[in-house]
Amino acid sequence: MDSSAIIDILQPLVPGAALEAGRSVDFATIYVPADRLVETCRALRDTPSLDFKVLAEVTAADYLPREPRYEVVYHLLSISKKLRLRLKVRVGNDASVPTVQGVWRGAAWPEREVWDMFGIVFDGHGDLRRLLMPEDWEGHPARKDYPVQIRKAAQTYEPLEVSEQEFRANIERDRVKRAH
Amino acid sequence: MAEIRTETMTVNMGPQHPSTHGVLRLVLELDGEVIQSVMPTIGYLHTGIEKTAEQKKWQQVIPLVERMDYLGAQSNSLAYALAVEKLLGLTMPQRVNDIRVLIAELQRMASHLIWLGTHAMEIGAVSMLFYAIRERELLLNINELIAGFRFFPSYIRIGGLREDLPRGFHETVNEFLDRFPTKMDEFERLLTKNDIFRRRTEGVGTISLDNAFQWGLVGPIARAAGSDYDVRKYFPYCGYETYDFTVPTASEGDVYARYRVRIAEMRQSITIAKQAIQRITPTGVWACDDTRVVPPPKDKVYTEMEALIQHFLIYSQGFTVPEGDCYVPIEGPRGEHGCYIVSDGSNRPWRVKMRAPSFMAIQAIPFIVQNGLIADLVAVIGSTDVVMGDCDR
């Protein structure tokens, strides 16, 4: 079942939601607006012809400098229909996503990890504490503007300060594109 | 009579506790010996592998991801390699697929052996660990034979395998596969009908199938609760659909059911591995013929200019992967190992994410052990077979 077939089943169940098929090489991908996410997930789980009972994982990707910057990615699994589905939610810098814990209880930790790593807030989560990083950690390490392997002389007496241009240069450094 | 004052007690278990499989920390709230609530604290083994992978070239990520789930190392690299190959649109020759299947099954046996040894030891059968480790040693010897490295062979590469199988590979594997079923019988004689073992495990840590799915648990834990979901059957990869095997299930959902499922899985792994080793020819192709990804053979590098340039390009700049994202699941020893990769069209991954089955299992532990006894907690942790490297990444 491809993205448009799933959207056809979903659209009457979440009227007015701007569902959009995404490009993918493996299985169906659907972009969902953040404010209709929970409704869509509930429909995906409870519709017998879809039956997405399992939330395999929640993750995100930071597409800096694109706007909106983040995509939160949900991988769903329907065992009875042998189907997989990827839901994507575009999130801007200060925007948030509703939690889907009410649909799948197992979403709690993956969402917490996404907050920990990317700083994306999940509304109604209730337990957005650090999960993998130490409790007093500052910043969200999986963001693309988080300093990593900055080529600078070691500073032992003052904190590392890097400008935004240096962040960008760090991302683009060594990244080679070739035509296929 | 004066009223007796009662209060719950908070006990810290871990991160340095032998039965927490590494550095899992559990804060328990106890009413006598009954567990009121559990709060797992993870992250002690977080090494930022996913972030590090974004700085590496595509092929340099293989050794990194193997260090996530260090007991099932090659299931990580297999998931990653399959994901990258999917974005590149590569198909593997039959022989490569068969060798990968063989390696994945040997890895499953190695991982389950560690689970069996430690799980039984925690419940009191200490000698079980030595028997299990002894057999795993033979599997590590096979790793050493193919790659010179026992734990993290990095033998599976993007576009195929590192090199052809070494001389004596078939004899070593066949010797192990002939010997192992009798050892499995030995293990089962020690445990399956053992009264103490059964009393510690039967009816303990039960989770229903609906709840398992709610918590995102697939793999052996769900199969012990009645599901027949196995990625190898539902979404076959590497030609698993051509192999003759069954998916062991149980319906009780308790610790003993998980034990029976994993034991049966090891027996199935033996039959798959036997089929695979018969299909694999001692010498033959070990990679696909895509020159973008696979370095040219050495004799050409030394004699042909184009081959030399290609060799140099792959090892200096790496290769580029078309823009896009994909998620490839495989059936790892602990359940669904999924690899989600995003490419921006360059020579380095934009994002690498592993779906960690241990992560989901630890999340569900508080739910599984609620109102159980503290001694049962040890049995439950052992039966979920969590690896902290997989959980924390």
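Numbered from 1 within each chain, the chains take letters A, B, ... in sequence-line order.
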Item to check | Spacing of CG belonging to Leu77(A) relative to CZ belonging to Arg355(B), to within rounding of 0.5 Å | outcome: 8.5 Å
Next on the checklist: Can you tell me which portion of Arg45(A) sits under 4.5 Å from chain B's heavy atoms? Options are side chain, backbone, both or neither.
Outcome noted: side chain
Checklist outcome for this item: Counting heavy-atom pairs under 4.5 Å with chain B, the top scorer among Tyr63(A), Trp104(A), Trp109(A) is Trp109(A)
Item to check | Cationic N near anionic O, under 4.0 Å, Asp344(B) to Arg66(A) | outcome: no
Checklist entry - With a 4.5 angstrom heavy-atom cut-off, which part of Pro110(A) approaches chain B: side chain, backbone, both or neither? => result both
Checklist entry - Under a 4.5 Å heavy-atom cut-off, does chain B meet the side chain of Ala60(A), its backbone, both or neither? => result backbone
Checklist entry - Hey, is Glu71(A) close enough to Lys353(B) for a salt bridge, meaning N to O under 4.0 Å? => result no
Checklist entry - Heavy-atom distance under 4.5 Å to chain B: side chain of Val73(A), backbone, both or neither? => result side chain
Next on the checklist: Using a 3.5 Å distance criterion without hydrogens, assess whether the side chain of Trp350(B) forms a donor-acceptor pair with backbone atoms of Asp62(A).
Outcome noted: yes
Checklist entry - Which atoms of Arg112(A) come close to chain B, meaning under 4.5 Å heavy atom to heavy atom: side chain ones, backbone ones, both, or neither? => result neither
Next on the checklist: Tell me whether the NZ or CZ atom of Arg84(A) lies within the 45° cone about the ring axis of Phe235(B) and under 6.0 Å from its centre.
Outcome noted: yes
Checklist entry - Between Leu132(A) and Cys391(B), what is the shortest heavy-atom contact and its length? => result CD2-O, 4.2 Å
Checklist entry - Among residues 24-40 of chain A, which ones touch chain B with a heavy-atom distance under 4.5 Å? => result Val25(A), Asp26(A), Phe27(A)
Checklist outcome for this item: Value for CD (Glu54(B)) from OH (Tyr146(A)), rounded to nearest 0.5 Å, stands at 13.0 Å
Item to check | Salt-bridge criterion met for Arg393(B) and Glu113(A) (N-O under 4.0 Å) | outcome: yes
Checklist entry - Measuring from Met360(B):CE to Leu55(A):CG, what's the distance to the nearest 0.5 Å? => result 6.0 Å
Checklist entry - Has the side chain of Gln214(B) got a donor or acceptor atom that lies under 3.5 Å from a matching backbone atom of Lys53(A)? => result no
Checklist outcome for this item: So OG of Ser80(A) and OH of Tyr234(B): to nearest 0.5 Å the spacing works out to 8.0 Å
Checklist outcome for this item: The interface call for Leu64(A) against chain B, heavy-atom contacts under 4.5 Å, is backbone
Checklist entry - In Å, rounded to the nearest 0.5 Å, how long is the span from CZ of Arg105(A) to CZ of Phe367(B)? => result 5.0 Å
